[in-house]
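Note: hydrogens, waters and symmetry copies are ignored here, and every other heavy atom, side chains too, is used.
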Amino acid sequence: MASGLVPAADAGAGRWSRAVVLAVDAEAVRAALRGPAAAFWAAERLNEALGEPLPFGRPRVTAAAVGHLVRAGHLAYLGGDADHPDVHPDQVEALARRRDLPVILDRHVPLGPDQAAVRLGVRRVDFDRMVDLGWITPTGAVEIDYKRQGGVTRVPLYSAQDVALLPVIRPEVDWRELRTVAPGRRSPLSALTPAPEGRDTVLMAGIARIAGVGRAAVANWRRRHPDFPAPTGGTTTHPEFDRPAAVAWLLAHNKITVPSGIPSATLVLRADSTGKELRCRLDDPWLQLATDATADDRLSGWMSDRDADALAALTAEGEGASVRRLTAPGTLPLTVLGGARLIDRSRRGAGALRVTVSWPGALRGHLAHGQAGGPARRAAHRPRPGMPLRAPDLRRPPPHALLPRARVRSGAGDGVAPRRRHPVRRAAGH
């Protein structure tokens with residue numbers, strides 16, 4: 001009864017009426033009988049469930065976040081401090097097994113400025129600039145007593161969903177550049193000026209870019225949906241719309257989704273000299289394909305310190321390493337016959353480690369479906385001097401190709417729903 005889960009007896013000493021018993025949360029009572037676990041333990045368990053190490057762009061779950069999950073009804077309160085409550089370990093384990101855990105955290109756990117910067121993968125100074133520009137506003141605040149470090153400080157809190165949506169609703173920003181700014185460099189956002197209050201507007205072309213569709217699709221939505229936001233300015237030909245209202249409409253009609261994380265690639269390498277293999281994760285991968293036979297491909301992304309150390313040791317042996325398999329959402333598996341080396345590793349953006357691996361572009365190829373590694377199905381041949389390099393696929397890839405271009409509704413990508421492709425109709429007799 002100390003937890004408040006069981007109400008006071010209403011039918012005499014130690015007796016409860018049937019109506020009161022039926023109104024009790026039986027699952028929460030059963031959880032309370034197993035014994036509580038501290039909020040700090042629960043937070044660490046959820047961090048383990050998110051990935052070890054944590055994926056790029058995912059801030060650590062704190063004991064305060066456990067309090068928010070209790071208030072949202074995902075965990076039962078078993079006593080202790082309301083902001084850092086005791087919870088039941090079985091409920092924590094069940095929550096940790098849920099595949100939508102990142103979505104739950106984004107929906108119910110607000111972020112402080114430092115956490116918001118980590119969520120976006122940018123420096124704190126860059127996030128502060130976004131606040132100054134009026135791109136995002138606090139939804140609350142919390143007072144933290146730092147004791148020896150200046151006493152009580154009021155820290156603003158931001159909706160994690162609003163933070164995660166910023167790369168979606170601000171497509172004009174080069175987020176790759178923003179995330180890879182070196183420490184001490186001027187913010188790329190410093191040249192921007194805040195829009196007047198109530199004048200954060202966007203054209204139809206801008207709405208189309210946010211939704212990942214053509215301008216004609218937006219014109220069609222405007223004509224077919226009576227609840228489409230009305231213009232707030234502009235001209236008849238080029239009307240302007242309130243950006244927050246347009247984003248709210250896109251979300252309500254499932255034209256965009258809140259991204260729950262940043263895509264990642266799996267990289268499997270083997271040392272050419274020793275045969276030793278390494279499997280590692282590369283978050284937010286960026287592949288730059290060579291267009292010349294003598295040039296190198298480059299693959300950049302965020303990696304843990306442990307994987308980066310192992311990658312550096314593996315590629316330093318002999319003549320480098322071969323890429324047995326490189327997979328990412330929305331792409332064919334890629335393989336490289338040899339010569340892969342780690343050419344750069346540095347702290348960028350929010351302080352994460354970014355690495356760059358290169359290999360001879362002439363040794364690149366794609367794996368056949370279901371192939372675990374080894375020879376390329378269509379490897380690029382070594383051309384004679386003066387001949388252009390042909391891409392290994394039938395379609396020529398652009399010089400700069402972000403690997404995970406598949407846009408998914410599940411929120412795991414850039415938050416944009418996929419376009420439907422129409423099947424190719426073949427002529428009769430073929």
Side-chain angles (χ1 to χ4, degrees), residues 51-56 262-346 348 352-383 389-395 397 399-406:
E52 183 59 38
L54 284 172
F56 176 80
I262 292 177
S264 63
T266 301
L267 185 63
V268 180
L269 303 101
R270 184 174 65 181
D272 294 337
S273 57
T274 64
K276 186 187 304 181
E277 285 198 358
L278 171 68
R279 182 187 182 93
C280 52
R281 187 186 76 207
L282 200 66
D283 293 328
D284 195 22
W286 181 268
L287 178 62
Q288 179 179 350
L289 300 178
T291 56
D292 183 82
T294 60
D296 290 345
D297 295 340
R298 292 193 176 192
L299 173 66
S300 300
W302 307 96
M303 187 175 285
S304 68
D305 290 70
R306 181 182 60 190
D307 283 351
D309 290 341
L311 178 63
L314 186 77
T315 58
E317 299 176 1
E319 298 298 325
S322 60
V323 178
R324 298 279 290 171
R325 190 178 184 91
L326 171 62
T327 57
T331 63
L332 290 172
L334 183 147
T335 185
V336 179
L337 301 181
R341 290 189 177 278
L342 178 66
I343 61 173
D344 181 65
R345 56 183 296 179
S346 58
R348 299 295 179 105
L353 184 63
R354 188 168 183 84
V355 302
T356 301
V357 181
S358 72
W359 56 75
L363 298 182
R364 175 195 351 119
H366 288 304
L367 294 175
H369 292 292
Q371 195 169 345
R377 176 182 56 145
R378 187 176 285 118
H381 65 285
R382 293 181 180 274
L389 173 67
R390 293 190 177 185
D393 200 1
L394 294 177
R395 297 168 297 174
H400 301 276
L402 183 62
L403 283 174
R405 290 303 298 170

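A pairwise comparison of heavy atoms in G361 and A290 identifies CA-CB, 4.4 Å as the closest pair. Closest of all the heavy-atom pairs between R306 and E52 is NH2-O, 4.1 Å. Nearest heavy atom pair, residue V355 against residue A308, reads CG1-CB, 4.1 Å. Nearest heavy atoms, P285 versus P263: CD-O, 3.6 Å.
Interatomic distance, CZ of R279 versus CZ of R325, reported as 9.0 Å (0.5 Å rounding). Atoms CG and CZ, from L311 and R341 in turn, are 11.5 Å apart once rounded to the nearest 0.5 Å. In this structure, CH2 in W359 is found 8.5 Å from CG in L269, a value given to the nearest 0.5 Å. Taking CG from L363 and CG from D297, the interatomic distance works out to 9.0 Å, rounded to the nearest 0.5 Å. The CG atom of L334 sits 10.0 Å away from atom OG1 of T327, with the distance rounded to the nearest 0.5 Å.
The shortest side-chain heavy-atom distance between S322 and V336 does not fall under the 4.5 Å cut-off. With a 4.5 Å cut-off on side-chain heavy atoms, L267 and L299 count as touching. Between V268 and E277, the closest side-chain pair of non-hydrogen atoms falls below 4.5 Å. Counting only heavy atoms from C-beta outward, the side chains of V357 and L282 never approach each other to under 4.5 Å. When side chains are defined from C-beta on, T315 does not count as touching L278, because their heavy atoms never get closer than 4.5 Å. You'll find the side chain of L353 stays beyond 4.5 Å of the side chain of M303, heavy atoms only.
Identified under the ring pair (Phe, Tyr, Trp, His ring centres under 6.0 Å) test for residues 302-333, with sequence neighbours left out: F56-W302.
Under a cut-off of 6.0 angstrom, the local environment of CZ in R345 is crowded, with over 12 non-hydrogen atoms contributed by other residues, nucleotides or ligands.
Look at R281 and D283 and you find a salt bridge, because one of the NZ, NE, NH1 or NH2 atoms lies within 4.0 Å of a carboxylate O, short of that distance.
Residues passing the side chain to side chain donor-acceptor pair (under 3.5 Å) test with S300 are T356, sequence neighbours excluded.
Of the N and O atoms on the side chains of R348 and S346, at least one donor lies less than 3.5 Å from an acceptor on the other residue.
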